[in-house]
Amino acid sequence: MSLVLDDILKGRRRVALGGHVRPDGDCVGSCLGLYMYLKEQYPETATDVYLENVPEAFSMIQCTDEVKTEIGEADAYDLFICLDCGDVKRLGFAETLFESAAETVCIDHHASNEAFADHNYIVPDASSTSELVYNLLDREKISKRTAEALYMGIAHDTGVFQYSCTSPETMEIAADLMRKGINGNEIIERTYYEKTYVQNQILGRALLESMLILDKRCIVSVVREKEMEFFQAVPADLEGIVSQLRQTKGVEVAMFLHETAPQQFKVSLRSKGNVDVSRIAVYFGGGGHVNAAGVTMKGSSHDVINNISRQILLQLDKNTEQDEDR
Ligand code: 5GP
Ligand code: MN
């Protein structure tokens, strides 16, 4: 089901937007893109956007300095629009605003999303939430700065128009956004490819320490708290490591563990398509997409790797059996 912006915004005085914890390119792009459009096209509505700290690399997107990183006055909102967030818990500190809002909307493309808002626009096949936001807007009224935000979101969640979620419609939308006069190359270079020295160092460390398991069909790497301290890295510096691991020839799945507390790991999973990593993440309490998913798990890194590998193997074995039956 789609939404009509005019209908959902009718009579709203105060609207809040929010995305998932540790906001990535699509989360920031979809939230800021919609935020700027609402400010321009619905000036009578007071709109705020709530996100955890936006990574420095995204600061070239306009209005990122207006993002609220904590809840101020206690007034409830008439409407809360949740973007790129597969489950209400992933809203982080903004969850209380979602709960207290008179009405809620969810715009998302996570396969694991259970449609938790009053109005839901969830399309698991869509490349990105930014693409879904574009579909809700009046094309003629999209400003250059909104186009920049949405273009960044689409470019990030498609791995720069490479992943299988990139449809002909995705490319048409990107083309339309380019016609707004944006500098697409610069957006991709500065927000996606450019790495700080620290980011490259920790990437190098993760690649050097990686291991092939499950008969070389899976690659695993772990970054611990003490290494983060040594390199003076922050969690956002780890973005992209799992995609690099996934590029390894011959592997079906990449698994990247980041130690977030003693005996606790944020796990990122990436697949080339034969294993549904969303199913595995959901099984352990997380979520995501068929080819990209994540979950936080407790235990030693050994236990976490073993538990996830078992689920990967179940799917790999099933696929092999099916191939033999053919
Ligand atoms: P990443 O590995 O880059 O953190 O996340 C990959 C995908 O899985 C993203 O779409 C992200 O929103 C989703 N994801 C990551 N961690 C979690 C989690 O703990 N819970 C849920 N529901 N989704 C997650
Ligand atoms: Mn997304």
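The analysis underlying the following values was restricted to heavy atoms, covering all of them including side chains, and did not include hydrogens, waters or symmetry mates. It should be emphasised that the depicted structure is a prediction, and the values quoted were computed from it without experimental measurement. Start at 1 and go down the list; that is how both ligands and their atoms are numbered.
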Ion pair check, Lys39 and Glu66, cut-off under 4.0 Å: yes
Within the protein, residues bringing a heavy atom under 4.0 Å of ligand 1, chain by chain: Asp87, Arg90, His110, Lys266, Ser268, Arg270, Gly286, Gly287, Gly288, His289, Ala292, Ala293, Gly294, Val295
Parallel, tilted or perpendicular: rings of His110 and His289 (30°, 60°): parallel
Side chain proximity check, Ser210 to Leu245, heavy atoms < 4.5 angstrom: yes
Reported CD-to-CD distance for the pair Glu227 and Glu259, which is rounded to 0.5 angstrom: 8.5 Å
Verdict with supporting geometry, Glu40 and Ser143, side-chain hydrogen bond (donor to acceptor under 3.5 Å, both in side chains): CA-CA 9 Å; Glu40 291 156 9; Ser143 63; 3.0 Å; yes
With the Mn ion (ligand 2) as the apex, the NE2/OD2 angle for His109 and Asp157 - to 10°: 80°
Pairing of Glu103 and Arg12 as salt bridge, 4.0 angstrom limit: yes
Distance-only side-chain donor-acceptor flag, Asp84 / Thr129, under 3.5 Å: yes
Opening angle at the Mn ion (ligand 2) [OD1, Asp84; OD2, Asp26; to 10 degrees]: 90°
